[in-house]
Every structure is written in C-alpha cells, then in structure tokens.
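Structure in structure tokens, see below.
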Amino acid sequence: MPETFRLKTIYEKSIRALIGHRVDLSTCGTPGEIRFIDCEQVLEHNKLRIYETGSLFPPKNQPYATVSYVWYGYPDPSPPSTPRPTFNARGAEKAEGISTALLSHVCAAALHEGVRLLWLDRVCLMQTNKEDKSWQIQQMYAVYKRATVSFILPAGINRIARLGEDTPWIHRAWTLQELLAPERSLVLFAWAHGPGSYSGATSGRIVEVVPRKCAMADADDILQLCLDGKMTFSPASGEPRSVLPVRIFSKSASPQVWATMGALRLRGSESGESAVWRSALMRTSSFSADMIFSIMGLFRVSLDPSKFDKNDRVSATVALAKAIMDARHSASWIGASFHLPPSDQLSSFPAFPDSVVSGRATVMVDGRKREVSEVMDGDYMSQWWLREAPYGVIDEDGYLCIRARAAAITPTDKRGNATPGSANRSIELRADGQTYYVTDLEGKKWIVDKHKALTSTTKTTIVYVGVEGRLSSLASYSFSDHTPVRAIAVQRHREGKWHRVASFFLGETFKQEVKDWETFTVAIGGPKKLTESQVKWARKKEHKVRRKPIEPN
C-alpha cells in the first residue's frame with residue numbers, strides 16, 4: 001500500500017511575535033523538501049505554521065495554493081500614516097516585507113477555494129541555502145502546475161493593489177510561468193464595493209474575500225478588461241452600476257497584455273510556445289539568466305541554475321534551445337519579434353533586452369534605448385502568433401540548423417511600402433518575368449530569384465519560417481489587411497553559416513509561392529562567435545528534458 005501522506009511541522013510562531021523580525025528555516029528545514037503554510041493557523045490562531053512534505057510533492061488529491069507576486073512592488077500612491085506590520089525571511093532582507101494583513105487575505109482566499117495549504121516562496125524556500133534554492137528553482141514549474149489555484153498579487157506582498165493601478169507584475173520574468181502553469185489563476189485586489197458582477201470586454205463575477213477590503217476575479221478576465229481599460233460593475237445589492245478603470249496589468253491595448261493573454265489562452269500549442277517567447281522578451285529579472293530559468297518549465301525542460309553564470313543569458317538560452325530541439329519541437333522563438341534587431345550571437349533570436357528588475361525591458365534600436373514593448377510589433381497589433389515554425393537542431397557552434405523553403409534574394413536601393421498588412425499583398429514581378437520584388441519591414445526592396453540554385457556559399461537567402469495565427473479578440477481590435485506569411489533574409493558570413501538581416505510579412509499569394517522555393521538546409525546564428533563557455537552548452541550531449549507532445553491548434 002502507498003505510504004499515507006503526512007505533513008511534518010518544522011516551524012511555528014505567533015505572527016504578532018514575527019512583526020519586524022525574520023523567519024529562519026536554516027536550522028529546522030531540510031534542503032530539497034517542498035514546504036507549505038497552514039492557512040487555518042494563520043486565520044484562526046494568528047500563527048505561522050510551516051510544514052515539510054517528506055515525500056517531495058503531495059499526492060494529486062491533496063490541494064494546495066500558490067502565490068504569484070513581485071519581490072519589489074509598485075510604491076503605494078496613498079501610503080498609510082503608520083507603517084504596515086510586516087515580517088521577512090532570513091536571506092531576503094532586501095525584498096519588501098510581507099504584510100501580515102495581506103497574508104491573512106491570501107489565506108482567506110485559499111480557504112474560500114477549499115484549500116488549506118499555501119506555498120509562498122519567500123518563506124517556503126530556505127533563502128540562505130544555495131542547495132535548496134537551486135533545487136527549488138528546478139521544481140518551480142511543477143509546484144505551480146500541481147497547484148489547485150494560484151493567487152496573483154500584482155503590487156507585491158507588502159500591500160494589495162486596486163484594479164485601477166498600474167503595477168509591475170506583468171513586467172517580471174517569473175510571473176509568466178506562475179500564471180501559465182496552474183490550471184486556475186485568480187487576481188486578488190483591494191475592493192470596497194461589495195460582491196457583484198462585471199461586464200465590458202468580458203463578463204464575470206467579483207468574489208468578495210474580506211468584506212469591503214479585498215476581492216478576487218479570474219486572471220484571464222482581468223487581462224482582457226485591461227485591454228479595454230475599464231469595466232462596468234453591477235453590485236449584487238442592486239445599487240446603480242458604475243464604470244471603473246482596470247489597469248492593474250498595464251495600460252489598455254498593451255502589447256504585453258496581448259502577449260500574456262495569448263500565452264495563457266494558447267498554452268499547450270505550438271502557437272502558445274511562440275507567445276511565451278514574445279511575452280518573455282518584454283519582461284525583466286534581477287539576473288539575466290533568470291529570463292530563461294523562469295520559462296524553461298513551460299517547455300518541459302529542466303536546467304540546473306547552479307551550472308550557469310547568473311548574468312549569462314546566452315548560455316542558458318543555448319541550453320534551453322538545444323533541449324527543445326533535441327525533444328523534436330519547433331524553433332518557435334524565431335517569430336518572437338520580427339521588428340526587434342536580431343541577437344549578435346544567436347541571430348535566430350531577437351536581441352536580448354537589458355534586464356533590470358526595477359524597471360522595464362529595454363533594447364538598443366538604431367542607437368537609441370527603447371522599451372521593448374514599444375518596438376517589438378512596430379505598427380502591427382500584438383494579436384498574432386507564429387505557426388508552422390521550423391524544426392531542426394542546434395549545432396556545435398550554437399547555430400539553429402533547419403531545412404526550410406528558401407530562395408536566393410538580393411538587396412536593392414529601392415524603397416517600398418513597409419506597412420504590415422499592406423506591403424507584399426501580391427507578387428510584384430520584374431520586367432524579366434522570372435524574378436520579383438519583396439519589401440522588408442524596414443521598407444527596403446529585395447529581388448527574389450527562386451530559379452537560382454542555393455549552395456553553402458549563397459550570399460543571401462530568403463527563408464520561410466511560418467504563418468500568422470490570430471488570437472480572437474474584440475471587434476475594435478480587428479485587422480484590416482492580411483499578410484500571414486512570415487519569412488526572414490539571412491546573409492552568409494562564412495561558408496554554411498548565415499545570420500538574420502531582414503524580416504518580411506507576405507500576402508496570401510505567397511502561401512502557394514513558397515511551395516515553389518527550394519528546400520534548403522540553413523544554419524542561422526552569429527555573426528559574433530560564442531565564447532568558449534557558451535559553446536560548451538551547444539556541444540553538451542545530455543540535458544534533463546521532460547516534455548509531453550504538443551497538440552497542434
């Protein structure tokens with residue numbers, strides 16, 4: 001018979017006695033164990049009781065909740081006259097303190113959902129133990145995936161935010177996985193209007209957790225309401241309806257909201273993986289390698305963070321990409337953004353933004369630092385996702401090697417209409433009747449010659465990389481014209497090696513046209529060489545991979 005699941009109490013202290021102090025698990029915790037807070041003890045006895053499982057994870061029939069929040073929240077626009085009672089964890093003193101009131105609100109929400117156990121990384125990890133932290137990071141996806149429900153605290157764990165505030169939650173790296181992994185995610189927010197329902201971009205119910213203090217609603221709904229920037233609230237009491245602002249995840253029609261909502265709604269599909277890459281590009285973390293560790297579980301890949309330099313995003317990216325390719329899945333990252341400049345070392349990827357936990361993701365474009373969300377889609381709406389991305393391998397130099405439809409292409413000095421949806425809607429034949437023009441997203445015209453044979457020394461090639469898939473949305477965000485085919489131009493910098501130099505949105509006509517292009521093997525990377533330590537991950541033969549087949553949408 002299977003062993004009965006038991007929880008072992010390792011820590012217990014009055015929350016009142018904790019105020020202004022730190023939780024320290026260094027002498028009572030066991031590295032490599034999952035731990036939980038007892039919500040009943042918090043609410044009924046004002047005690048912080050922490051358990052260890054002793055069996056890695058609870059059985060699937062044992063419910064627990066998780067929390068998604070940012071360690072450095074948004075300053076309170078209306079701070080209280082006296083400081084909030086808080087406590088912290090040893091090893092996390094630089095982060096904001098944990099509000100005792102907010103902890104009780106989260107526990108009340110969990111119990112409302114029929115869940116007694118709560119996983120909160122700040123106090124459930126041994127923050128001073130490197131072995132435990134490294135192991136826990138590798139388990140993060142599984143922890144959130146197995147959760148019954150995850151509660152989102154957009155302003156951090158020091159205070160609770162209002163729906164009308166702009167918070168940093170959607171700009172942080174780890175929160176993407178924390179939203180996508182659980183089956184169910186609810187946003188917890190300050191609320192003084194009582195129970196009721198909302199309508200507008202979508203409709204649903206406001207569930208009051210603590211009367212006149214906080215409430216919760218479905219995360220997908222809140223994302224969609226943020227696209228419109230408002231909702232109509234109808235109180236259950238029968239009082240008059242009111243229109244309230246909703247900006248808790250970002251301003252209306254934000255590319256980041258679209259990308260996050262796409263990743264949520266398309267999860268489990270190839271397009272969903274493309275949406276993960278898109279959303280991750282607009283997020284930040286304390287250390288650049290965390291941008292990969294924070295999403296690796298979404299691709300069912302497990303990398304050991306202790307093996308990487310915390311500021312080496314390239315090595316972690318190569319390791320993740322290689323694991324994805326080794327598992328026979330597509331290079332969905334190739335369509336993360338066609339407007340951002342390519343990476344100078346891994347040009348199948350867009351340039352890696354600067355990652356600063358206290359701000360927004362930025363990237364250099366034409367010699368000027370820009371916020372990624374402002375430039376990643378150009379003038380195009382953020383409602384599309386790449387489908388039919390190419391398959392291949394990562395070679396020993398970190399290049400993405402794919403077999404794809406391709407043709408010879410030559411740049412010209414001519415300029416054309418670069419507006420996505422309008423440019424390249426039809427094939428513009430040249431006078432010879434054999435070649436034709438296409439215009440890239442920068443407005444430069446190129447000559448395509450599909451009859452010219454391709455070799456390892458071909459100077460420049462246009463490569464088909466997929467087609468646009470669209471996220472259903474409000475009519476107000478619908479498209480006018482349609483150029484669904486995606487292609488890139490790659491330029492040879494040494495024999496058999498190319499780097500990305502341009503991107504194209506092509507019309508419906510090109511769906512048939514690319515079938516006449518030659519099937520060609522192309523290695524996309526560089527042009528700058530990887531360092532010796534980065535090459536190690538491209539040449540590594542074994543990776544911990546845990547993937548399930550992805551169903552096409």
Heavy-atom donor-acceptor pair, Glu96 side chain to Gly156 backbone, under 3.5 Å: no
Presence of salt bridge, Arg368 and Asp366, under 4.0 angstrom: no
Side-chain donor or acceptor of Glu270 paired with backbone N/O of Ser332 under 3.5 Å: no
Looking only at atom types and distance, does a side-chain atom of Glu93 sit under 3.5 Å from a main-chain N or O of Gly91, one as donor and one as acceptor? yes
Closest non-hydrogen atom pair between Leu43 and Ser104, with its separation: CD2-O, 3.5 Å
Indicate the ring-plane relationship of Trp277 and Trp333, choosing parallel, tilted or perpendicular according to the 30° and 60° boundaries. perpendicular
Does the side chain of Glu371 come under 3.5 Å of the side chain of Ser373 through a donor N or O and an acceptor N or O? yes
Search all heavy atoms of Ala361 against all heavy atoms of Pro353 and return the closest pair with its distance. CB-CB, 4.1 Å
Checking Tyr144, Tyr64, Phe36 against Trp119 for ring pair (Phe, Tyr, Trp, His ring centres under 6.0 Å), the one that qualifies is Tyr144
Determine whether Ile19 and Phe87 make a side-chain contact, defined as any pair of heavy atoms from C-beta on separated by less than 4.5 Å. no
Would you indicate whether the side-chain heavy atoms of Val363 and Met376 approach each other to under 4.5 Å? no
What's the separation between atom CE in Met126 and atom CG in Asp24, rounded to the nearest 0.5 Å? 8.5 Å
Close side-chain approach of Tyr198 and Val246, heavy atoms under 4.5 Å: no
Does Leu186 form a side chain to side chain contact (heavy atoms under 4.5 Å, CB included) with Glu113? I'd like the steps, not just the answer. CA-CA 10 Å; Leu186 300 173; Glu113 294 297 306; 4.0 Å; yes
Greater than 12 external heavy atoms within 6.0 Å of Lys145's NZ: yes
Electrostatic pair Glu33-Arg35, nearest N-O below 4.0 angstrom: no
I want to check something: taking the side chain as every heavy atom from C-beta on, are Glu208 and Pro195 in contact at a cut-off of under 4.5 Å? yes
Is a side-chain N or O of Arg247 found less than 3.5 angstrom from the main chain of Gly164, in a donor-acceptor match? yes
Going from CG on Leu103 to SG on Cys39, what distance comes out if it is rounded to the nearest 0.5 angstrom? 7.5 Å
Hey, could you give me the CG/CG distance between Leu163 and Leu225, rounded to the nearest 0.5 Å? 8.5 Å
Any Phe352 side-chain heavy atom under 4.5 Å of Thr317 side chain: yes
Which of parallel (below 30°), tilted (30 to 60°) and perpendicular (above 60°) describes His193 and Trp191? perpendicular
Considering residues, nucleotides and ligands other than His112, do more than 12 of their heavy atoms fall under 6.0 Å from its NE2? no
Whether the side chain of Asn46 engages the backbone of Ile15 through a donor-acceptor N/O pair (distance < 3.5 Å, no angle test) should be reported. no
Check whether any side-chain N or O of Arg84 sits under 3.5 Å from a backbone N or O of Ser99 as a donor-acceptor pair, and report yes or no. no
Mind checking the CZ-OG1 spacing from Phe504 to Thr439? Nearest 0.5 Å is all I need. 8.5 Å
To check you understand the geometry: which heavy-atom pair defines the closest contact between Ile324 and Ser330, and what is its length? CG2-O, 3.7 Å
Would you find a donor on one side and an acceptor on the other, under 3.5 Å apart, between the side chain of Asp132 and the backbone of Leu125? no
Flag this pair as yes if the NZ/CZ of Arg486 is under 6.0 angstrom from the six-membered ring centre of Phe505 and inside a 45 degree cone about the axis; otherwise no. yes
Looking at every heavy atom in both Cys124 and Gln136, which two are closest together, and how far apart are they? O-NE2, 4.2 Å
If you measure only the distance, is there a donor-acceptor pair under 3.5 Å linking the side chains of Ser269 and Arg387? no
With side chains defined as the heavy atoms from C-beta onward, is the minimum distance between Lys133 and Thr128 less than 4.5 Å? no
Is it true that Asp377 and Arg278 make a salt bridge, defined as a side-chain N closer than 4.0 Å to a carboxylate O? yes
Which atom of Ala219 lies closest to which atom of Phe249, heavy atoms considered: O-CE1, 4.2 Å
Rounded to the nearest 0.5 Å, what's the gap from OG on Ser254 to CE on Met261? Could you check? 11.0 Å
Test: Lys310 and Asp290 ion pair at under 4.0 Å: no
Would you say the side chains of Arg172 and Tyr69 form a donor-acceptor pair under 3.5 Å? no
When rounded to the nearest 0.5 angstrom, what distance separates CD1 in Ile50 from CG in Leu25? 5.0 Å
Given salt bridge (charged side-chain N to carboxylate O under 4.0 Å, His left out), test Glu165 with Arg159 step by step and report yes or no. CA-CA 12 Å; Glu165 289 184 48; Arg159 69 181 186 89; 2.7 Å; yes
Does a donor on one side chain sit under 3.5 Å from an acceptor on the other, for Ser150 and Ser185? no
Taking the side chain as C-beta and beyond, is there a heavy-atom pair between Leu120 and Ile157 under 4.5 Å? yes
Chi angles and distances behind the side chain to side chain contact (heavy atoms under 4.5 Å, CB included) call for Thr202, Asp220: CA-CA 10 Å; Thr202 187; Asp220 185 284; over 6 Å; no
Between Leu102 and Ile98, is a side chain to side chain contact (heavy atoms under 4.5 Å, CB included) present by the stated rule, with each step listed? CA-CA 8 Å; Leu102 184 50; Ile98 302 169; over 6 Å; no
Do any N or O atoms from the side chain of Gln224 and from the backbone of Ala201 form a donor-acceptor pair under 3.5 angstrom? yes
Hey, is CD on Glu44 packed in by over 12 heavy atoms from elsewhere, all under 6.0 Å? yes
Glu374/Arg360 salt bridge by N-O under 4.0 Å criterion: no
Which heavy-atom pair separates Trp71 from Ala95 by the least distance, and what is that distance? CE3-CB, 3.3 Å
Start with the C-alpha distance between Val23 and Arg90, add both sets of side-chain angles, then the distance that settles side chain to side chain contact (heavy atoms under 4.5 Å, CB included), and finish with yes or no. CA-CA 6 Å; Val23 174; Arg90 185 183 173 201; over 6 Å; no
Close side-chain approach of Lys511 to Leu506, heavy-atom, < 4.5 Å: no
Whether the side chain of Thr260 engages the backbone of Val257 through a donor-acceptor N/O pair (distance < 3.5 Å, no angle test) should be reported. no
Do Asp228 side-chain atoms and Lys230 backbone N/O form a donor-acceptor pair below 3.5 Å? no
